[in-house]
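Positions are given from 1 along the sequence. Worth saying up front: this structure is predicted, and the values here are computed from it rather than measured. Both counts, for ligands and for their atoms, begin at 1 and track the order of listing.
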Amino acid sequence: MGKKLVIGSSGQIGVELIEQLAKDFGPNQVIAADIKSVSEGKTLGVEYITLDVLDKEKLFEIIKQHNISEVYLLAAMLSAIAEKNIQLAWDLNMKGLFNILDLAKEKHIKKIFWPSSIAVFGPTSPKLNTPQSTLLEPSTVYGISKMSGERWCEYYFLKYGVDVRSLRYPGIISYKSPPGGGTTDYAIEIFYAAINHGFYDSFIAKEVSLPMVYMQDAIRATMEIMQVERKKLTINSSYNLAAISFNPEEIANEIKLLFPEFQIKYSPDFRNNIALSWPSIIDDSFARNDWGWKHNFDLKKTTLEMVNGIKN
Ligand code: AKB
């Protein structure tokens, strides 16, 4: 068994995924790669390198040099920021994926994790209990790239036997590393604002509900899907993954239980339109049935973890 390469290692998910991989497999089994060189927040014993996932030659060199067998491709441009950098978002989100899929097709890598997102859904998808298979007409560049990526993952699996596994992440809530330009980022910002200023101006309207998951659950889901026997997986594109759903008013009320003085105001911007195009509640029964997915963190537990984590 070779080593594990995490691409996008200094991003919100990367930082915590590396910690978990290092804990489970040993730090010397993990290579952390990012386009930026990392100076802080490193996991002890893990080797950090700089890498642009669009540079296929360097990618190949690293895979050979470090005897990599598994790649976690987390480098991507998220929904809000992608709307402002359409071409770059498409190139990064698609070409990065193709580089990794092709290396697996050529048998240089054994297994891939590639995250998709609830952004694959669009205004014509059912909003409540959104099924695994339904109309996918995303209206954002990010959503279009994730939907296309899912099709390519399935294609490479069926046509070339590439073992690529994927989850449609909801908004991920965490405090160790900041999120990078998504629509669901409000659900993280709100905690920092409550603790530091007692006030938050939300760019999402108060009644707009979105699916979310606490980071610890998201990491566990990622570890689980990567370790399950391939034959148990009945979805070859990407699994719906759900945990909790709430709107800004509901999370603000939960925060007020800890900070009674906390005030919230609503100034919806273009990100609210993105949120309105996404589902409110996802049906993830395929993940629950196929590999036993179960979330542990409800809104209350998530709120407590966030507040304690940020304060510490
Ligand atoms: C975003 O808001 O863009 C991401 C996502 C839901 O994929 N957090």
field: Side-chain donor-acceptor pair present, S238, S166, cut-off under 3.5 Å
entry: yes
task: Scan side-chain atoms only and decide if E70 and Y72 contain a donor-acceptor pair under the 3.5 Å cut-off.
output: yes
- request: May I ask you to decide whether E150 forms a salt bridge with R168, counting only side-chain N to carboxylate O separations under 4.0 Å?
  value: yes
- prompt: Nearest heavy-atom pair of S177 and S174: which atoms, and what distance?
  reply: O-OG, 4.0 Å
query: Do T222 and Y169 meet the criterion of a side-chain donor-acceptor pair at a distance under 3.5 Å?
result: yes
field: Protein residues having a heavy atom less than 4.0 Å from any atom of ligand 1
entry: L78, S79, S117, I118, Y142, G182, T183, T184, W278
message: Under a plain distance cut-off of 3.5 Å, with no hydrogens placed, do N240 and R288 share a side-chain donor-acceptor pair?
response: no
